[in-house]
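Encoded as structure tokens, the structure appears first; notes follow it.
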Amino acid sequence: MSELMGLKAKLGLDVFKHDKEAHIKIKPGMEKDPRLKRAVWVCPAGLYSENDQGEVELTIDGCLECGTCRIACGIEVLEWNYPNGGCGVQFRFG
Ligand code: SF4
């Protein structure tokens, strides 16, 4: 058996504490914007997906707060903030 862990297994070691509101939101009316579709490809946690209507959806649970989606898509389509202190990703090392 391989001792290498897959990405999903590694991500499963982190804990995510929900904030009162999602710290990243798709701006209203931007769900079909082509810039937003970049996030489906670049999010390392795989939190963006495209539904049957061609709208991009975001599931915030498991966000690594890396900022990749903000850079790739831009603040015109995403409202991006860090979570409040004590919320968000809790990395586990070792
Ligand atoms: S900050 Fe990183 S992990 Fe979080 S949704 Fe954006 S790309 Fe994905």
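Quick caveat: nothing in here was measured; it's all calculated off a predicted structure. As the structure lists them, so they are numbered: ligands from 1, and atoms in each ligand from 1.
Side-chain atoms of E55 never come within 3.5 Å of backbone atoms of Q53 as a donor-acceptor pair (strictly under, hydrogens ignored). Formation of a donor-acceptor pair under 3.5 Å by the E65 side chain with backbone atoms of V89 is found in this model. No donor-acceptor pair under 3.5 Å is formed between the side chain of D19 and the backbone N or O of A22. Between the side chain of K27 and the main chain of I75, a donor-acceptor pair closer than 3.5 Å is present.
Checked against I24 for a side-chain contact (heavy atoms from CB on, under 4.5 Å), the options N81, L78, L47 give a single hit: L78.
The ring-ring contact (aromatic ring centres under 6.0 Å, His included) pairs that include a residue from residues 22-59 number zero, where partners must be two or more places apart or lie in different chains.
Residues of the protein with a heavy atom under 4.0 Å from ligand 1 are I24, C43, P44, Y48, C63, L64, E65, C66, G67, T68, C69, W80, listed by chain and number.
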